[in-house]
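Taking it in order: structure first as structure tokens, then the write-up.
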Amino acid sequence: MVKRGRIVAFFLVLVLIASMIGSSTNWITNNMKLGLDLQGGFEVLYEVKSVSGTDIDREMLVSTVSALNKRVNVLGVSEPRIDIEGENRIRVQLAGVEDQTNARELLSTEAKLTFRDINDNLLMDGTDLVENGATQSFDQSNRPSVALKIKDAEKFREITRELSSKLYPENMMVIWLDFEEGVDSFAEERQKDEPKYLSAATVEQVFHQPEVQIQGPTFTVPSAKELADLLNAGALPVELEEIYSTSVGAQFGETALQKTVFAGAVGIAIIFLFMLIVYRVPGFVAVVTLSLYIFLVLVVFNAMNAVLTLPGIAALILGVGMAVDANIITYERIKEELKLGKSMMSAFRSGNRNSLSTILDANITTLLAAAVMFVYGTSSVQGFATMLIVSILMSFLTAVLGTRLLLGLWVHSRALNNKPHLFGLKKEEIMDIKDTKEDTVPPNKFENVDFIKHRKKFFIFSTAMVVIGIALLSTLKLNLGIDFVSGTRVEIMGETTISAEEVQQELASINFEPRDVVLSGANKEIAVARFLDELNQQEIATIKEHLSAKYGSEPNVSTVSSIVGQEISRNAFFAVLIAALGIIIYVTIRFEWIFAASAIIALFHDAFFIIAFFSLVRLEVDLTFIAAVLTIVGYSINDTIVTFDRIRENLKKKKRVKTYEDLAEVVNLSLQQTFTRSINTVVTVLFAVIALLIFGSESITNFSVALLVGLVAGTYSSLFLASQLWLVWKHKQLMRPKKVTPEDDLEPEV
């Protein structure tokens, strides 16, 4: 008898979820903080240097951050990020800045105001000014100026008395901003059309009022106000040197957001359709829980006050493909139980129980890789890692608990009894329970496939690929981006097709010669110019101004110093190494060291395959490439763990394993049983990756390619390499003679 109340409860829960998502959508979209790669802006990593020769301490860094925050407030940037990194670095992230060149100048200007005579002798400096005493004003001729208040009126009176007693030009007071001792001089600057000093006024009388006006010849109201605000924000107590920077034009960010969100919608829609076709009613439940998963991930991301970046959106889309894996594992186990002739309710309970440990092991190992990414990655990679971690946690919550609750309502309503087609099963696939025993193996589509028979061919193929890869890397090398070798990268977006020659000519017209220019985009409307040198702030401003006027949108510009490039390379190496070490430890604890060794060999095989492929096709290797490799490490170990878990389960059922044939039978059976799950999972993740590759932003094209190649390599190694390696090494372990102890001698022979 069908219990309709449970079906009603299911739809009530469905309505509740839909209402919750619908009512919160605007709140999520309005409050989600977008990174600079999605709304434009820039990020700069400064190395802090002392101007007095003293060591940089924490107090000095905090004072510098405070001064930078005041300057950012002048810019009117909402929710900036200014963080201290290490012992002498500060990272500034400003999203949504319209005039990036002006903002960078405002941040890095030391703002040390000095009053000097024509011989460059110091008369007063910024410490003599009243705090927040600078205001934008107008002089007697109604020209914009900056009015300053002096703390000590008597000191100012004495200075003006001494100057007024001298003849021209000795009676001039020169006001400088960031005067450099031994470099700047009034005598040289006064010969220039645009001198560095702010103003040079004659002092013909004694000033009794504690006020002075700066009357710059090129002052406008905005520039005068900006100088006043800068002086009020205070001089930086240190010197800031840019060692890494990246900027994204607003149009680039908007386009990237639209493309990637659309790619996500396409990929997720295909995944949903796939689940409905393959798994029917459970597939519908998966669609509901995956929708809830996406909603919860965004809610948690908002609650964490985290910033959504372009790699973060990619992680969310990938997360859907990976989250569905928990559903697939559970559904495949339920289908196996149904094939044995069990009732729907019994199959549901057994399937959930048998799949839980597999899901846990698979998710924990992926979390390890994501955690390493977060610790060793820069801001963009950390954004990807954060989203991946949140996605994994939320997928476990929704795919395990949510699926059990919702599917359980249908199962316990008895509406699915004797209807295996609603699980995607045919009646002829189901055995009579009378013919089954405890160790009966359910029928499988791949039960006649011998995965072990061709293991040597797989080993030879993999070895050959590694040898070829080594040859490629030794001859072609990797096409390393500026993240690893330092330099400058300029990304230009035209309204129509552009050519490399055209870009080179435009840059040559302003005296810049790039190392190379690479085109991308569906219509070749994007060009990337790379320079061996680290362009300075003024050179970047020149390039931006020229290319913006030519192509109608501000280009993206990134610079990486050799110091940062070396650090990124070192961190990338340690990230992969630590992820591998963590996986070895976990798999050894949960399984055994032979499983761990086999898994790590397979992981390095996958990572090396991606690297060799990039060397062959000459795609640029950047930070997102490392994120992709670590993601594949997580995915591949996930896939491998599922097979290992089944091997361990079948070993326990077999009880006595003494020969190679016994081991081979267990491994072959395990691969046959998990093959459908492996294929279905990789297909769903491929849907997401291919959607990103075809419809997503060009900024993550290389990332998507690395994922695509890694998915293929990871699936291959999980099915045809890791398990076969374990088989060979486990057999050798079994063949070793056991040490005989005195206790063994006392045991009676059987």
Open item on the list: What I'd like to find out is whether the side chain of L227 reaches to under 4.5 Å of the side chain of L177, using heavy atoms alone.
Closed with: yes
TODO: Would you please test Y551 and E506 for side chain to side chain contact (heavy atoms under 4.5 Å, CB included) and show each step?
DONE: CA-CA 11 Å; Y551 294 104; E506 289 297 329; 3.8 Å; yes
Open item on the list: Within the structure provided, determine whether F384 and T624 are in side-chain contact (heavy-atom separation under 4.5 Å).
Closed with: no
Open item on the list: So, taking the atom named CZ in R618 and the one named NZ in K477, what distance separates them when rounded to the nearest 0.5 Å?
Closed with: 10.5 Å
TODO: Say whether S486 and S562, considering side chains only, have a donor N or O and an acceptor N or O under 3.5 Å apart.
DONE: no
- [ ] Taking all heavy atoms of I626 and all of F484, pick out the closest pair and write down the distance.
- [x] CG1-CZ, 3.7 Å
TODO: For residues S697 and L310, determine if any side-chain heavy atom of one lies less than 4.5 Å from a side-chain heavy atom of the other.
DONE: yes
Open item on the list: Using a 3.5 Å distance criterion without hydrogens, assess whether the side chain of S717 forms a donor-acceptor pair with backbone atoms of D606.
Closed with: no
- [ ] State whether R91 and D83 are salt-bridged, where the test is any N-O pair (Lys NZ or Arg NE/NH1/NH2 against Asp/Glu carboxylate O) under 4.0 Å.
- [x] no
TODO: Indicate yes or no: at least one non-hydrogen side-chain atom of L240 is less than 4.5 angstrom from one of T64.
DONE: yes
Task: Side chain to side chain, V307 and T386, heavy atoms closer than 4.5 Å - done: no
Open item on the list: If we ignore hydrogens and angles and just use 3.5 Å, is the side chain of D483 paired with the main-chain N or O of V560 as donor and acceptor?
Closed with: no
TODO: Check whether the side chains of Y716 and S462 place a donor and an acceptor atom closer than 3.5 Å, and report yes or no.
DONE: yes
- [ ] Please determine, by modelled atom types, if S108 and E242 share a side-chain donor-acceptor pair under 3.5 angstrom.
- [x] no
Task: Distance (rounded to the nearest 0.5 Å) between I84 CD1 and L61 CG - done: 5.0 Å
Task: Worked verdict on E491 versus S699 for side chain to side chain contact (heavy atoms under 4.5 Å, CB included) - done: CA-CA 10 Å; E491 189 175 9; S699 301; 4.1 Å; yes
Task: Y244 side, atom OH; I482 side, atom CD1 - distance, nearest 0.5 Å - done: 7.5 Å
Open item on the list: What I want to find out is whether K544 reaches E554 closely enough, with some N-O distance under 4.0 Å, to be called a salt bridge.
Closed with: yes
- [ ] Please name the pair of heavy atoms, one in A612 and one in G469, separated by the smallest distance, quoted to 0.1 Å.
- [x] CB-CA, 3.7 Å
Open item on the list: Using every non-hydrogen atom in the two residues, find where L45 and E85 come nearest and quote the distance to one decimal.
Closed with: CD1-OE1, 3.7 Å
Open item on the list: Would you compute the distance between atom CG of L473 and atom CG of L616 and round it to the nearest 0.5 angstrom?
Closed with: 10.0 Å
- [ ] Please confirm whether the backbone N or O of V557 pairs with a side-chain atom of S247, one donor and one acceptor, at under 3.5 Å?
- [x] yes
Open item on the list: On a heavy-atom basis, which atom in A575 and which in V372 lie closest, and how many Å separate them?
Closed with: O-CG1, 3.1 Å
TODO: Check whether any side-chain heavy atom of N571 lies under 4.5 Å from a side-chain heavy atom of V375, and answer yes or no.
DONE: no
Task: Donor-acceptor pair, side chain of S66 and main chain of V62, under 3.5 angstrom - done: no
- [ ] Run the numbers on T101 and E545 for side chain to side chain contact (heavy atoms under 4.5 Å, CB included), then give the verdict.
- [x] CA-CA 9 Å; T101 301; E545 182 179 357; over 6 Å; no
Task: Closest approach of T260 to I317 (non-hydrogen atoms, all atoms of both residues) - done: O-CD1, 3.7 Å
Open item on the list: Classify the ring geometry of Y197 against F186: parallel below 30°, tilted from 30° to 60°, perpendicular beyond 60°.
Closed with: tilted
Task: Donor-acceptor contact below 3.5 Å, side chain E525 vs main chain N523 - done: yes
Open item on the list: Rounded to the nearest 0.5 Å, what separates atom CD1 in I611 from atom CZ in F604?
Closed with: 10.0 Å
Open item on the list: Can you confirm whether N479 sits close enough to L619 that some side-chain heavy atom of one is under 4.5 Å from a side-chain heavy atom of the other?
Closed with: no
TODO: Take T255 and Q251 through the test side chain to side chain contact (heavy atoms under 4.5 Å, CB included) and record every step on the way to the result.
DONE: CA-CA 6 Å; T255 303; Q251 188 173 343; 4.2 Å; yes
Open item on the list: Quick one: does any side-chain atom of E698 pair with a main-chain N or O of S520 as donor and acceptor, under 3.5 Å?
Closed with: no
Open item on the list: Is it the case that atom CD in E87 sees more than 12 heavy atoms from other parts of the structure closer than 6.0 Å?
Closed with: no
- [ ] Look only at the side chain of R71 and the backbone of L107, and say whether a donor-acceptor pair between them is shorter than 3.5 Å.
- [x] yes
Task: Short side-chain to backbone donor-acceptor contact, T488 and D533, under 3.5 Å - done: yes
Task: Polar side-chain atom of K196 near backbone of D178 as donor-acceptor pair, under 3.5 Å - done: yes
Task: Closest heavy-atom pair and its distance - I510, I543 - done: CD1-CA, 4.1 Å
Task: Spacing of CG belonging to D37 relative to CD1 belonging to I700, to within rounding of 0.5 Å - done: 9.5 Å
- [ ] Could you tell me whether the side chain of S245 and the main chain of E43 form a donor-acceptor pair under 3.5 Å?
- [x] no
- [ ] Please tell me if the side chains of N702 and F625 come closer than 4.5 Å, counting only heavy atoms from C-beta onward.
- [x] no
